[in-house]
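In what follows, every heavy atom counts, from backbone to side chain, and hydrogens, waters and symmetry copies are set aside. Throughout, a chain's letter reflects where its sequence line sits, starting with A, and its residues are numbered from 1.
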Amino acid sequence: MDGAFFARDTVEVARALVGVLLVHGSPEGRTVGRVVETEAYLAEGDPASHAHRGPTPRNASMFARAGTAYVFRSYGLHRCLNVVTAAAGVGEAVLLRALEPLAGLELMARRRGREGARSLCSGPGKLAQAMGVGLEHDGACLLSGDLRLHVPSAGPRPKLAAGPRVGISKAVDLPLRFRLAQSPFVSRS
DNA sequence: GGAATGATGTACT
DNA sequence: GTACATCATTCCG
């Protein structure tokens, strides 16, 4: 796993990230999930992106180098995890929307305060909560550190379904959302 | 300085 | 399907 994986076309990265493992080793324990749903946020022609109007204090890490985490607070209480893509300074990223929980399910359930493997990580806010991702991870490197992405060395290319993104009011029609076909762990809608 | 607005999730009808 | 929690950031005056 190296930075080159992320330092290329953002839509390609969004597709390639499906199937990648997200691993968090915390004092509480280790949690692992497989990415099953992503969304790309682009620099040009994408008014739904936080980076659309250029750098601000909040989105600063979107302009850092590829492989950096961009974590933001959503609706005052949730958190969402993105991976910065493309060349440094461009301001593109991929939102991780859903995971298939693989390890540390009990810890995920405890963090979430509810049971049900199906709904532990089936949404960007749930995923961040279950994996213990917080604003302290904003700006962190996802190639090394306590929170990491890991590409399985081999394996068949997963079958993807593309569609419109969720929860936005602008650029609603762009097909920039990708998910693992037939996975029961994707977010609803 | 003030007001609007979310890259959401849950509960309730 | 609809309602609402909850607050920092952003934009406008």
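One can place CZ of R188(A) at 9 Å from C1' of dG1(C), the figure rounded to the nearest angstrom. Rounded to whole Å, the distance from CZ on R79(A) to P on dT8(B) is 14 Å. In this structure, R179(A) atom CZ and dA7(B) atom C1' are separated by 16 Å, rounded to whole Å. Rounded to an integer number of Å, the gap from CZ of R53(A) to P of dA7(B) is 12 Å. In this structure, E39(A) atom CD and dG6(B) atom C1' are separated by 14 Å, rounded to whole Å. In this entry the distance linking CG of N59(A) with C1' of dC11(C) reads 14 Å, nearest Å. In this structure, CZ of F72(A) is placed 9 Å from C1' of dT8(B), rounded to the nearest angstrom. Y75(A) has its OH atom 5 Å from the C1' atom of dG6(B), to the nearest Å.
The side chain of H78(A) approaches dT8(B) more closely than any other nucleotide in the set dT10(C), dT8(B), dA7(B). Nearest to the side-chain atoms of S169(A) among the listed nucleotides dT10(B), dG6(B), dT10(C) stands dG6(B). Nearest to the side-chain atoms of S49(A) among the listed nucleotides dT8(B), dT10(B), dA7(B) stands dA7(B).
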**Message:** Using the rule given for side-chain hydrogen bond (donor to acceptor under 3.5 Å, both in side chains), can you reason through R112(A) versus Q129(A), listing the C-alpha separation, both sets of side-chain angles and the distance that settles it, and then say yes or no?
**Reply:** CA-CA 6 Å; R112(A) 293 257 312 125; Q129(A) 185 182 25; 2.9 Å; yes

**Audit row: Y41(A), H50(A), ring-ring contact (aromatic ring centres under 6.0 Å, His included) steps and yes/no** = CA-CA 8 Å; Y41(A) 285 89; H50(A) 287 174; 7.3 Å; no

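The residue S187(A) sits apart from the nucleic acid: no heavy atom pair falls under 4.0 Å. Counting non-hydrogen atoms under 4.0 angstrom, R177(A) reaches nothing in the nucleic acid. L77(A) comes within 4.0 angstrom of a nucleotide base, judged by non-hydrogen atoms across all strands. Residue contacts for R58(A): at a heavy-atom cut-off of 4.0 Å it reaches the sugar-phosphate backbone alone, with no base atom in range.
Here the side chains of F72(A) and N82(A) are in contact, with some heavy-atom distance below 4.5 Å. Between L147(A) and H137(A), some side-chain heavy-atom pair lies under the 4.5 Å cut-off.
Cation-pi check for R8(A) over F5(A) is met; the charged atom lies under 6.0 angstrom from the ring centroid and within 45 degrees of its normal.
Across all strands shown, dT6(C) forms no Watson-Crick or G-U wobble pair with both distances under 3.5 Å. Base-pair partner of dA7(B): not found among the strands shown (Watson-Crick or G-U wobble, both distances under 3.5 Å).
For the pair K170(A) and dA7(B), the criterion of a side-chain N or O lying under 4.0 Å from OP1 or OP2 is not met. The phosphate of dG9(B) (OP1 or OP2) has no side-chain N or O of R112(A) nearer than 4.0 angstrom.
Stacking here means ring centres nearer than 5.5 Å and ring planes tilted less than 30 degrees, and by that measure Y41(A) stacks onto dA7(B).
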